[in-house]
Structure formats: structure tokens, C-alpha cells
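Here the structure comes first, spelled out in C-alpha cells, and everything after it is commentary.
Labels below follow one simple rule: chain letters A, B, ... track the order of the sequence lines, proteins then strands, and each chain is numbered from 1. Note that the coordinates shown come from a computational prediction; the quantities given were computed from them, not determined experimentally.
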Number of protein chains: 2
Amino acid sequence: MRASDKAYLRLRDEILHWRTPPGTVLAEVEQAQRLGISRTPIREAFSRLTAEGLLVPLAGRGLVVTELSRETIIDMFELRIALECEAARIAATNVERLSMTDEFENIHAELLNYENLIELGDELKSYYELVARLDAALDAAATNQFLLSAINQLRPHLARVRQLARDNKTRLVEAAREHLTIVEAIIAGDAELAADATSVHLKKSLNNILRSVDAAGGISKPLQGKGAA
Amino acid sequence: MRASDKAYLRLRDEILHWRTPPGTVLAEVEQAQRLGISRTPIREAFSRLTAEGLLVPLAGRGLVVTELSRETIIDMFELRIALECEAARIAATNVERLSMTDEFENIHAELLNYENLIELGDELKSYYELVARLDAALDAAATNQFLLSAINQLRPHLARVRQLARDNKTRLVEAAREHLTIVEAIIAGDAELAADATSVHLKKSLNNILRSVDAAGGISKPLQGKGAA
DNA sequence: AGCGGTACTTTTGTATACAAAGATTGGATC
DNA sequence: GATCCAATCTTTGTATACAAAAGTACCGCT
């Protein structure tokens, strides 16, 4: 793997997990020395992170990790809802033609399973893996490179926000039911239902995150412990 | 201006205006020599163009200008419709609070003017400038940095596609009316009407482009002459 | 004649030296 | 004491040399 890739992944991971919190200033030489590589691959990594919007140039002083506000999170979800509803719409339309019904049926069956098992802490990781599989299946069924690229552009920002909220058991059971509805709509080929169910799920997710933020008295640092994911 | 910026703008311009058509392979040393600068700023420019999706890496052979197909154009507009309808929705909601009603009223008045003047060739440039002003006003009223960033990501691709279509008088008059409807909906604060009017306009624009492409027997090279814009 | 391997060429990846631009701090002057 | 200017220092921007990796072509072998 290239040094620039390693630097990019590491810096991004540190930002996403709040080890380098918003407002932190990064300089080229400083990071080059810390990571034990030269400025060239660091510049490459910086430019990718800047293009993603995780860093913004600070005139003559290096790059700053983007701030995160309540409004920013709302804006993020506003775009996310538009994009993922569209993706769900397309997926529902294409699932049959792409012979992906089986894949969604499998996910559906496993979701039914996890709805009962979710209270067991051990199952949490598997549950998040299942949601990741659903996301991947949706991506595959969306078949629109531009839409996918826009969603992927948003993902790192969402990952950073996710660190702020802790999913409790109640919310997880609810989310599982919402996912079930989405999957069922896609299997049925009902595009508008898929879009609406996605909207419902995302708006409830947003509310859950905002509740966590407000309960913590604003955005300061991520929640600690195994609950966050 | 930095050498990397100059290189980026020039390379991008050449791609957008089909002087470097899809499929062209670009190498670092080659472009560095042509533009009279070193490889470092060229790499910077290449990485930005790659992030935008105008170039894709070709293993061990440099970077290749992204291909453009009929389906690609449809995908592009699918995303564009989702994004700009959302932007129009937000703009209609915010226009009053942002005190931007006057700006849209001005654009409205000028649109009414151009609807009559549009057949004069001299007015074409001014008309496109007016549409650009409308776009800018919409951006300002959208107030969602993530949504805007997604739209801006799409713009260069749309610019490249625009070179393929020639707007005839009939289409221009029609487009002016569609723009009028959008502006009126925003002034009225009617979010859903603004979104629907935007959808109408963009779907008709897409059809006009596809008609041009099909009439030319596929995507080969851009139309020549003053008509394209 | 086809296949495989090796050497060579081309291309990208990295390090580093140097240049330029901007910010900050110190001093001098009003 | 405040302000402006200048020198210095920090930081990014650019060029270039070198390393590594990948692709290609050629040659020998089967």
C-alpha cells in the first residue's frame, strides 16, 4: 500500500473517531514527522481529506478539521434523505431485473432474527454488520454511479456524527423494524413505499442523534464505551 | 495564482469543452512538459480532477478522461433532479426569511423581458447570464452546504454534457417559461410547486439533450458553432 | 508455433532541497 | 501607549532526483 494511502486512512480514521477533534489545525511537516513519511504523501492525503470536506484550508496556517454543529447535522441528513430515498426508489425498481431478490430475502430473514436477539450485547456487532450488508445491497441495486458517489461523499461525515449518539435497545428494535419495512418494499418492487420507509427511518435516526446531542448539552466529544457504533 | 490551480483549470476546461475527449490518456510528465511546469502541481491537478470524477486511474498507464454514454447522462440527471428539487424546496421555504424576495423579483422581471427578446441572437449571451444569476440566487437561498457541495460536484459533468446539445429557439422560449414558473413558486414560498416545477424543467432539458444526442447518432463530438452553451 | 521468463522501458510514488508567500513579533516612532 | 513598519520565522508551493512498481517486448525454450 502506498504511503499516501496509509496516511489518508489513518488521518481520516483519527478525524472520524474524534481523536483529532473539530478545530484541530494540521500542518504538513508536523504530520509528516509524526507518521514518519515525507511531505509529498501527506499533501496527497490532505488534498483528499480537503476534497471530502473533512479539512478546510486555514489561510497560511495549515488545514483545520471541519467544525460540526447541530445545524450541520440537520443539513447532512437533509441531503442524506434526498439521496437514500432516491437510491431506495431505484433499488425497488431494479431489484427484479438485477436478480437481487434473493439477496434481499436473505437480509429480510436475518433481520427478523435479529429483532429478537438484539438485546443480547454479543449480537450488536453482527447486527451492525447486517445493516452494512443491507447498505451494500442497496448500493448494488441503485446502479447510478453519480448517486452512489454523492452518498459516498457523505458517508465519512455521517460516520463522524454517529460517534455522538448511543443506540439504546429501544431504538435498535425500532430501527430493525424500519429496516424490515424498507427491505419488504424493495422486494415487493414498490418504489414509493421504499422511498417513504427510508425517509421514516432516516428522520427517526436523526431525531435519535439530536436527542443524544441535546442530552449531552451540545456537541463536545463522542460518547465513550461499546454502545457507540 | 498557483501553478497547480492554473493546471487544474486549464485541464478541466479542455475536458469540459471536448478538446481532450473521453478516452484520452494523460500522463504526468507529458502534461508537465506541455504546460511548462513540474510534475508536482500536475499531480495536484490530476488528483482534483480524479476526485471530481473527470479522470479515472488507468493501471500503470496514467489517467483516462471519463467516458460519457447515454445512460451516464440519464444517471446524471437522475441525481441532478433529486438535488435541485430539494434545493428549490429549501429556497422557497427560506426566501422570505433571507430577505431574498427582491432578488427573485428582479430575476422574474428580466425573465419576462427575455421571453420576448430571445429570438435575437445578441440576447442569447445575456439570457445565459440571467440563468446563471438564477442558479446563484438558488444556491444562496438553499443554505445547505452539503447539498450545495453535491450540486457543485455534479456541475462540471453537466457542463461537459451541455456541449452536446444545441438549444433552438423553441426550446429556449419553453425553458424561459419553465424558469418563470420556478421563480414564481419560490417567491410565493410554495416549496412543493418549486420542486415540481424544477423537476419539469430538468426532465424537459434532459429530453432535449437526449434528442440532440440521438439525432447525431450517438455521442461522438460536441456540436460546433455559437448555438451550444 | 506457442508459451514462459527475463530484461528493459515507462510510469507512478517518495524524498528532499529550494523558493515564495504570509503571519507574527519586535522595535522604533509618533 | 498605540500604531506602523520591517525583519524573521513559519508554512505552503515548486522543482527535481531517485526509487519502486508495473507493463511490454523480446528472446529462448519446449
For dG13(D), does either OP1 or OP2 sit under 4.0 Å from a side-chain N or O belonging to S4(B)? no

Choose from dA15(D), dT12(D), dT12(C) the nucleotide whose nearest atom is closest to any side-chain atom of A27(B). dT12(C)

Check this for me, if you would: do R160(A) and E52(A) make a salt bridge, where the nitrogen-to-carboxylate-oxygen distance has to be below 4.0 angstrom? no

Which whole-number value in Å describes the distance from L58(B) CG to dT10(C) P? 17 Å

Side-chain contact check for R43(B): nearest option of dG13(C), dC18(C), dA23(C) is dG13(C)

Atom CZ of R61(B) and atom C1' of dG23(D): how far apart are they, to the nearest Å? 8 Å

Nearest-angstrom distance from the residue atom CD1 of I37(A) to P of dT16(C): 12 Å

Whole-Å gap separating C1' (dT14(C)) and NZ (K6(A)): 13 Å

From the candidates dA15(D), dT12(C), dT16(C), the one with an atom nearest any side-chain atom of R39(B) is dT12(C)

Nearest-Å distance, CD (Q31(A)) to P (dT11(D))? 12 Å

Whole-Å gap separating C1' (dT12(C)) and CD (E30(B)): 14 Å

Side-chain N or O of S38(A) closer than 4.0 Å to phosphate OP1/OP2 of dA15(C): yes

Tell me whether Q153(A) contacts the main-chain N or O of A51(A) through its side chain, where contact means a donor paired with an acceptor under 3.5 Å. yes

Would you call R10(B) and E14(B) a salt bridge, taking side-chain N to carboxylate O under 4.0 Å as the test? yes

Mind calculating the distance between CZ (R2(B)) and P (dT14(D)) to the nearest angstrom? 7 Å

Could you tell me whether the side chains of T50(A) and S47(A) share a donor-acceptor contact shorter than 3.5 Å? no

Whole-Å distance separating the CD atom of E28(B) from the P atom of dA15(D): 14 Å

